[in-house]
Amino acid sequence: MTSPFLLPVNTQTWTNGRHLVRCVKVIQETWDVRTFCFMAEQPVLFFFKPGQFVTLELEIEGKPIMRSYTISSSPSVPYSFSITVKRVPGGQVSNWLHDNMQEGNELAVHGPVGLFNAIDYPSDKILYLSGGVGVTPVMSMARWYFDTNANVDMVFVHSARSPKDIIFRRELEHMDSRVANFRVALICERQEIGETWSGYRGFLNQAMLELIAPDFMEREIFCCGPTPYMNAVKRMLEANGFDMSRYHEESFGATPVEVKEDVLELAKQAQEEAEEVDSSDLLTVEFSKTGKSVKILPGETVHAAAAKLGLHIPKACGMGICGTCRVLKTAGSVTMEHNGGIDEEDEAEGYILSCCSVPTENVVVEF
């Protein structure tokens, strides 16, 4: 017989997909960084792999916008999750969130997904390297190990422009003060007039790294920050002969300029070659819910086929990372070169990521 004081709680566990959530708290972390905390109306256990991210489904100025953000909280706080967003000059979504997202607002999120996480690369000695708002995924990892009392030796190195730009500073220093297996080192590029700073100054370099973590060659390294920062870290590690299979970086971000140029060049080539393709080589992609179909060239994606018909399959990263463009394939076959945006169970059920799925025969998609 169930005691009236121990009533069962009906909860669901978070799985990759579309979920409605409500903003329950907004925290001002620094002068231009805020954390937004979300919960579901019905209790949901928001378990995810620390370091993963979600994609927000927003409407800004009447237009649907999808944007991905790393989860900065830890699954050790299970009934909510948080994202930490820096206001960027000219940033459409970051500015909108800072100006409009308040307690009580509802929105849809997709996820969680991401290969950059602590669970898939376990180690008893870890070095976290972060720059700016790139601190969010490694903070999630550090919080998880700290909260679960894991026997993991952690060194946390964070670089910021100035002392006022250090995100999570008080919490990091608190964690450092509480346990022996967590050490934090903060580096500031400069200090403003009137600011006091007694920590490391300048940019992370070999001499600093050797002082902070003399055994860095023995550690699993997780790195996230601006692209120049991550490139500099990789060059430094490679120069030391570091085993780069133990180096992991957050790869989600804007498409690099050189990649965009490659895509444009490929599109130009495809247009030039289209006239030379025999009609028998064309493949048909059918969208069963809308009753529309289109012929595509070999090598074109399911998402490109939808765009030709004016169909909008939600998409955020375009690289098979976020999982936003997931659709159900009911017939035919595709090759799918994704980056962790879909799991094996979904694939077994017939789901594909339209952004990176290339038909190898005629295909029917439920959309």
Side-chain angles (χ1 to χ4, degrees), residues 14-21 53-68 92-93 96 106-113 252 255 260 263-264 266-271 273-275 277-367:
W14 203 19
T15 56
N16 183 16
R18 185 179 187 271
H19 309 272
L20 291 176
V21 296
F53 60 88
V54 293
T55 299
L56 309 188
E57 184 179 315
L58 305 168
E59 184 174 310
I60 301 176
E61 297 179 356
K63 297 180 180 178
I65 299 290
M66 310 289 283
R67 188 71 85 249
S68 296
Q92 182 184 28
V93 178
W96 187 91
E106 293 185 343
L107 74 158
V109 299
H110 299 255
V113 292
F252 186 87
T255 305
K260 292 181 179 178
V263 170
L264 290 173
L266 287 172
K268 182 180 177 182
Q269 291 176 11
Q271 189 173 8
E273 295 169 1
E275 298 176 0
V277 176
D278 191 286
S279 60
S280 62
D281 293 330
L282 297 177
L283 298 172
T284 300
V285 180
E286 179 185 342
F287 298 91
S288 57
K289 283 189 176 180
T290 55
K292 295 182 177 181
S293 63
V294 66
K295 296 283 187 181
I296 62 170
L297 295 168
E300 291 190 283
T301 64
V302 171
H303 203 278
K308 289 182 177 183
L309 293 169
L311 299 177
H312 175 66
I313 299 176
K315 183 180 75 168
C317 71
M319 297 180 285
I321 297 176
C322 70
T324 306
C325 65
R326 189 184 70 155
V327 292
L328 179 63
K329 174 179 63 65
T330 57
S333 62
V334 301
T335 57
M336 180 169 56
E337 297 294 332
H338 67 89
N339 289 295
I342 192 170
D343 58 33
E344 292 179 357
E345 291 181 5
D346 283 342
E347 287 190 64
E349 292 176 13
Y351 286 97
I352 62 172
L353 300 181
S354 62
C355 77
C356 56
S357 292
V358 177
T360 55
E361 60 183 3
N362 294 339
V363 166
V364 179
V365 173
E366 191 177 284
F367 190 82

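- The shortest side-chain heavy-atom distance between Met66 and His110 falls under the 4.5 Å cut-off.
- Scanning both residues, His338 and Gly320, for their nearest heavy atoms gives CB-O, 3.6 Å.
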Sequence neighbours left out, cut at 3.5 Å: what donor-acceptor pairs do the side chains of residues 302-313 make with other protein atoms?
residue	atom	partner	partner atom	Å
His303	NE2	Ile313	O	2.9
Lys308	NZ	Glu300	OE1	2.8
Lys308	NZ	Glu300	OE2	3.0

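- Taking CD from Glu57 and CG from Leu20, the interatomic distance works out to 8.5 Å, rounded to the nearest 0.5 Å.
- Across all non-hydrogen atoms, the minimal contact from Glu59 to Trp96 is O-CZ2, 4.2 Å.
- Taking CD1 of Ile65 as the start and OG1 of Thr55 as the end, the distance is 13.0 Å to the nearest 0.5 Å.
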Under the side chain to side chain contact (heavy atoms under 4.5 Å, CB included) criterion, do Lys63 and Gln92 qualify, and how do the steps go?
CA-CA 12 Å; Lys63 297 180 180 178; Gln92 182 184 28; 6.0 Å; no

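- The shortest distance between side-chain heavy atoms of Lys329 and Met336 does not fall below 4.5 Å.
- To the nearest 0.5 Å, atoms CG (Leu297) and CG (Leu282) are separated by 6.0 Å.
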What side-chain donor-acceptor pairs closer than 3.5 Å can you find for residues 349-367, not counting sequence neighbours?
residue	atom	partner	partner atom	Å
Ser354	OG	Cys325	O	3.2
Ser357	OG	Leu353	O	2.6
Thr360	OG1	Ser333	O	3.2
Thr360	OG1	Ser333	OG	2.6
Glu361	OE2	Ser333	N	3.2
Glu361	OE2	Ser333	OG	3.3
Asn362	OD1	Thr284	N	2.9

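- Scanning all heavy atoms of the two residues, the minimum distance from Trp14 to Gly111 falls at NE1-O, 3.8 Å.
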